[in-house]
Each structure stands twice: as C-alpha cells, then as structure tokens.
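A short write-up of the structure that comes next.
The basis for the numbers below is simple: all heavy atoms, side chains too, and nothing from hydrogens, waters or symmetry mates. Order of the sequence lines fixes the chain letters, A, B, ..., with proteins taken first and strands second; residue numbering starts at 1 for each chain. Small disclaimer: the values here were computed from a predicted structure and weren't measured.
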Number of protein chains: 2
Amino acid sequence: MNETPSSQSLLFLTDEQLRKGIEAMFFAYRGFTADPDRILQEKGYGRAHHRAVHFIHRSPGTTVNNLLSILGVTKQSLNRVLRTLIEDGLVESRVGPEDKRERHLYLTEAGSVLERELTEAQRDRMRMAYKAAGPSAVAGFRQVLEAMMDEDIRRQYEALRDKTT
Amino acid sequence: MNETPSSQSLLFLTDEQLRKGIEAMFFAYRGFTADPDRILQEKGYGRAHHRAVHFIHRSPGTTVNNLLSILGVTKQSLNRVLRTLIEDGLVESRVGPEDKRERHLYLTEAGSVLERELTEAQRDRMRMAYKAAGPSAVAGFRQVLEAMMDEDIRRQYEALRDKTT
DNA sequence: TTGGAGTGTCAACAAGGCTGACTTATCCTG
DNA sequence: CAGGATAAGTCAGCCTTGTTGACACTCCAA
C-alpha cells in the first residue's frame, strides 16, 4: 500500500507490465501450438497444413485467393501445402460453379477427421485456460487480442466471425 | 439443469467461443510479431535473433544452457543465431567466473540499441492494445495466457518474472 | 479476339527448426 | 589423480515453410 491510487490504475501501462505481457504472449503461443504440433508431426504435416485445414473447415468452399489473404502467405507457399493435402485426399478442390477459374476448397471425410483431431486438442487447452481464468478474464483476453491485430487483419477476423454468427 | 440462466455464465466455454479464441490468438500473434519483424528484416536478422536478444537483455549474464531451456530450441539452432550476433558485435560471450565451462552472455552497447528498438516497437503495439482494452481486460488477458502455458514453461516464465521483481 | 484475372507450376534460395556425431575444456567425484 | 559428467561449440545433413521470379493455362468480358 505504498503507491498512490492513481499510479495503481495506470500500472498496467508500465514498461515492466508491457514486458510481462510480451513474454506471456510468447510463452502462451508455444503452449497454444504444442498439442496440434505433436499430432501433426506424427502424420508428417506441419503447422501450415493445420492452418489450411482449419480455415477450409471454417469456410467450406473458400477460394484459393481467399485463403491466401487470410493466411497471409504467398500462393506458392500455400500451394505446396494444398497440393499435399489434395494428394493425400484430405482436401478436395472443385472448379468454381460461377467462375470456372476459381477453385473451391472443401475438406473430405478424412480431412474432417484430421481437422477435428487437431481442433479438439487445441480447444481442450483453450477450454482449460478459459475455465481456470473465468468468463470476465476471457472477455478481457479477447479484447486485448483484438486490439493487438493489424487493422486489415481485424477486418478479416471480424468478417470470418460474421459468416457463421 | 439444461438451459437455465446459469448456462449463460458458461457460454464462454462453447465450441464457438473457443474457436473464436483460437482464431483471435492466431491473428493477434501475427500483429504481435509484425513490427519487430519489419525492423529485423531491414537489418538481415530474424525472429530467432530477436528472441535471443530479448532474453539476454532480460537476464544479463545468462548462460547458453539457460537460454536454451527458455527458448526451447536445440543448441545447434541457438548457436547459429548467437554466432552471428557475437560476430556482429551485438552480444558478448564471457567465460564464467565460477565455472569456466560456462559462457555468460551480455548485450554490447550496439546490442542494447537493437534491443531497445525492437522492444519499443513491440511495446508500442502492446501499449495501444492495453490502452484500448483497459486495466481489467489486461488482467484477464494475462490470466488466460498464463493458464495456456505448459506447466514447465509457466515455471520458467514465473522464475523470469521473479528475477527482477 | 485480345487482355487481364485467377490459378498453378517450376526453379532457386533462405531462415530456422531438427538429429547425430564429435571435440574441447572444465569440473567433480571416487 | 583418473575417468566420467557437463557446458559449449562445430560439422554435416535434413525438413518445413517462407520468399522471388518466370511462365503457362483457362476463362471471362470488353
């Protein structure tokens, strides 16, 4: 109790507090990816495959270009990942019904199985963290994360959210 | 006890909420690393250099083994990064005073300059996010992140925290 | 019918993870 | 004091996943 009340209320903006936030973000992200990474490695896939599978599941029928802008990688990079997923029968690429230049991406049954396995692992950890922290902490967690995104990324995040809300 | 008002309070644990959390984490981490990544690229360094510099600044005199366990990479991987930092005069490696097998790592003046530049960029974004979300949101943010870490990682995170508290 | 958009492919390269094997120097213990 | 354990560094090679650049194909619309 040796600090004045006004310094208390701004304490969350001190360099020390910010540094703690930076490190928390770093270590938490490791935990966040650890479980799916383990599963992926067993099957000879990487994080890039996870991301592609996640967002195809999330928005079935999405085009390659859509996926590119969501993932923020080059088409060559995505294509390499996509090709192995298609070859392995996890993803199906259908010619667009309106515009035949476009390819619409869907998970196959096998792809859905993998998606569920990965998501469940990641969700379990998220659920534990949410449970431990409680609802109001979760609200704060989401608020800070959303404020941390780039402008254009946040727009995509919110567009994604709207699509199934 | 199915759809009573009490189930409202558990809404933050629905699959939909958890999925939003997962995607928020993914997009926010991109924002989190975007600014330092830009600076690093200009200077021909990568994220791995940033991490090394950050934790050497954080715990001056840390040994290579310490750094290894904090960063969670192999010594070969760390060594590649550390070697360039030492060659470029950003990091100094001193023989341990007690145990001469150990190397103690310090930032040079130039290293500190880079560290400050990187940290300031990252901290600016964190500060904006904190400011936008407010103190109680920040508390929740940290709670969830800490709950998301692996057990052993959390111990290291807390040990780091204690060191300068 | 021609230009542009969307897509895909080839080649080459870099960062930064990994494993395995080995050396050197030092420390500690029996 | 000898020998094993420990800390660090190094070499070689592999993988994933990101990058550029160049180029071809298909299809749509002006």
Side-chain angles (χ1 to χ4, degrees), chain A residues 26 29-30 33-34 36-56 61-88 91-106, chain B residues 26 29-30 33-34 36-56 61-88 91-106:
Chain A
F26 171 65
Y29 199 77
R30 282 242 294 272
T33 55
D37 278 358
R38 256 189 299 276
I39 295 168
L40 288 157
Q41 206 195 350
E42 286 168 17
K43 321 214 175 219
Y45 294 121
R47 228 175 259 182
H49 299 85
H50 184 187
R51 293 197 283 261
V53 165
H54 175 96
F55 285 107
I56 293 171
T62 186
T63 64
V64 173
N65 249 359
N66 266 338
L67 210 47
L68 282 183
S69 68
I70 288 168
L71 297 177
V73 298
T74 59
K75 65 177 173 175
Q76 293 89 333
S77 217
L78 174 59
N79 197 253
R80 183 168 33 201
V81 164
L82 228 37
R83 192 167 44 212
T84 72
L85 290 174
I86 292 169
E87 277 169 9
D88 295 356
V91 167
E92 194 190 343
S93 167
R94 294 186 208 152
V95 172
E98 317 268 284
D99 187 335
K100 293 178 185 169
R101 290 167 303 179
E102 296 179 343
R103 297 296 179 276
H104 294 240
L105 303 169
Y106 299 88
Chain B
F26 170 65
Y29 199 76
R30 281 243 294 273
T33 55
D37 278 358
R38 256 189 298 275
I39 295 168
L40 288 158
Q41 207 194 348
E42 285 168 18
K43 322 214 176 221
Y45 295 120
R47 228 175 260 183
H49 299 86
H50 184 186
R51 293 196 284 262
V53 164
H54 175 95
F55 284 107
I56 293 172
T62 188
T63 65
V64 173
N65 252 356
N66 267 338
L67 209 48
L68 283 182
S69 68
I70 288 169
L71 297 178
V73 297
T74 60
K75 67 174 171 176
Q76 293 91 329
S77 222
L78 175 58
N79 198 253
R80 184 168 30 198
V81 164
L82 227 37
R83 194 165 41 209
T84 72
L85 290 174
I86 291 169
E87 277 169 9
D88 294 355
V91 166
E92 194 189 345
S93 166
R94 297 185 207 152
V95 171
E98 317 267 283
D99 187 335
K100 291 178 186 169
R101 289 171 303 179
E102 297 177 342
R103 296 296 127 85
H104 293 237
L105 303 170
Y106 300 87

Discussion item. Suppose we call a contact any N or O donor and acceptor under 3.5 Å apart; does that hold for the side chain of Gln76(B) and the base of dG16(C)?
Written reply: no

Practice prompt. Would you indicate, yes or no, if dT7(C) has its OP1 or OP2 atom less than 4.0 angstrom from a side-chain nitrogen or oxygen of Asn65(A)?
Written response: yes

Practice prompt. Evaluate side-chain contact (heavy atoms from CB on, under 4.5 Å) for Val91(B) paired with Val81(B), printing each intermediate quantity in order.
Written response: CA-CA 11 Å; Val91(B) 166; Val81(B) 164; over 6 Å; no

Worksheet item: Does CD in Gln76(B) sit with more than 12 non-hydrogen atoms of other residues, nucleotides or ligands closer than 6.0 Å?
Response: yes

Worksheet item: In terms of ring plane angle, is the pair His104(B) and Tyr106(B) parallel, tilted or perpendicular, where the classes change at 30° and 60°?
Response: parallel

Response to the item:
Leu78(A) CG to dT19(D) P, in whole Å, measures 10 Å

Worksheet, complete the sentence: The answer to which of Lys75(B) and Lys100(A) contacts DNA chain D further toward the 5' end, by nearest nucleotide, is Lys75(B)

Discussion item. Check the phosphate of dT7(C) against Asn79(A), side-chain N and O only, distance under 4.0 Å to OP1 or OP2. Yes or no?
Written reply: no

Practice prompt. Assign the ring pair Phe26(A) / Phe55(B) to parallel, tilted or perpendicular, where the plane angle (0 to 90°) is split at 30° and 60°.
Written response: tilted

Practice prompt. Mind checking His49(B) for me? I need base, sugar-phosphate or nothing, with any heavy atom below 4.0 Å counting as a touch.
Written response: sugar-phosphate

Worksheet item: What is the distance from CD of Glu98(B) to C1' of dT6(D), rounded to the nearest Å?
Response: 16 Å

Worksheet item: Less than 4.5 Å apart, any side-chain heavy atom of Asp99(B) and any of Thr63(B)?
Response: no

Fill in: Protein-nucleotide distance (Leu40(A), atom CG; dC18(C), atom C1'), rounded to Å
16 Å

Practice prompt. Using only side-chain N and O atoms of Arg51(A), determine if any of them is under 4.0 Å from OP1 or OP2 of dG18(D).
Written response: yes

Practice prompt. Answer with base, sugar-phosphate or nothing: what part of the nucleic acid does Arg80(B) contact at a heavy-atom distance below 4.0 Å?
Written response: base

Item to complete: Using a 4.5 Å cut-off on heavy atoms from C-beta on, say whether the side chain of Tyr45(B) contacts that of Asp88(B).
Response: yes

Practice prompt. Please report, rounded to the nearest Å, how far the P atom of dG9(D) is from the CD1 atom of Ile86(B).
Written response: 7 Å

Worksheet entry | Integer-rounded Å distance: dA29(D) P and Asp99(A) CG | 8 Å

Worksheet item: What integer distance in Å separates Leu68(A):CG from dG6(C):P?
Response: 11 Å

Worksheet item: Which part of the nucleic acid, if any, lies within contact of Gln41(A), taking any heavy atom under 4.0 Å across all strands shown: a base, the sugar-phosphate backbone alone, or nothing?
Response: nothing

Worksheet entry | Any donor-acceptor N/O pair under 3.5 Å between dT6(D) base and Arg101(B) side chain | yes

Worksheet entry | 5′-ward residue of the pair His104(B)/Thr74(A) relative to DNA chain D | His104(B)

Worksheet, complete the sentence: Taken to the nearest whole Å, CZ/Arg103(A) to P/dC25(D) is 15 Å

Discussion item. So, does Arg47(B) get its side chain near the phosphate of dG16(C), meaning an N or O under 4.0 Å from OP1 or OP2?
Written reply: no

Worksheet item: Within this structure, what is the NE2-to-P distance between His50(A) and dT16(D), rounded to whole angstrom?
Response: 17 Å

Item to complete: Consider the side chain of Val73(A), meaning its heavy atoms from C-beta on, and name the nucleotide among dG17(C), dT19(D), dC10(C) that approaches it most closely.
Response: dT19(D)

Worksheet item: Base, sugar-phosphate, or nothing: which does Gly44(B) touch, judged by heavy atoms less than 4.0 Å apart?
Response: nothing

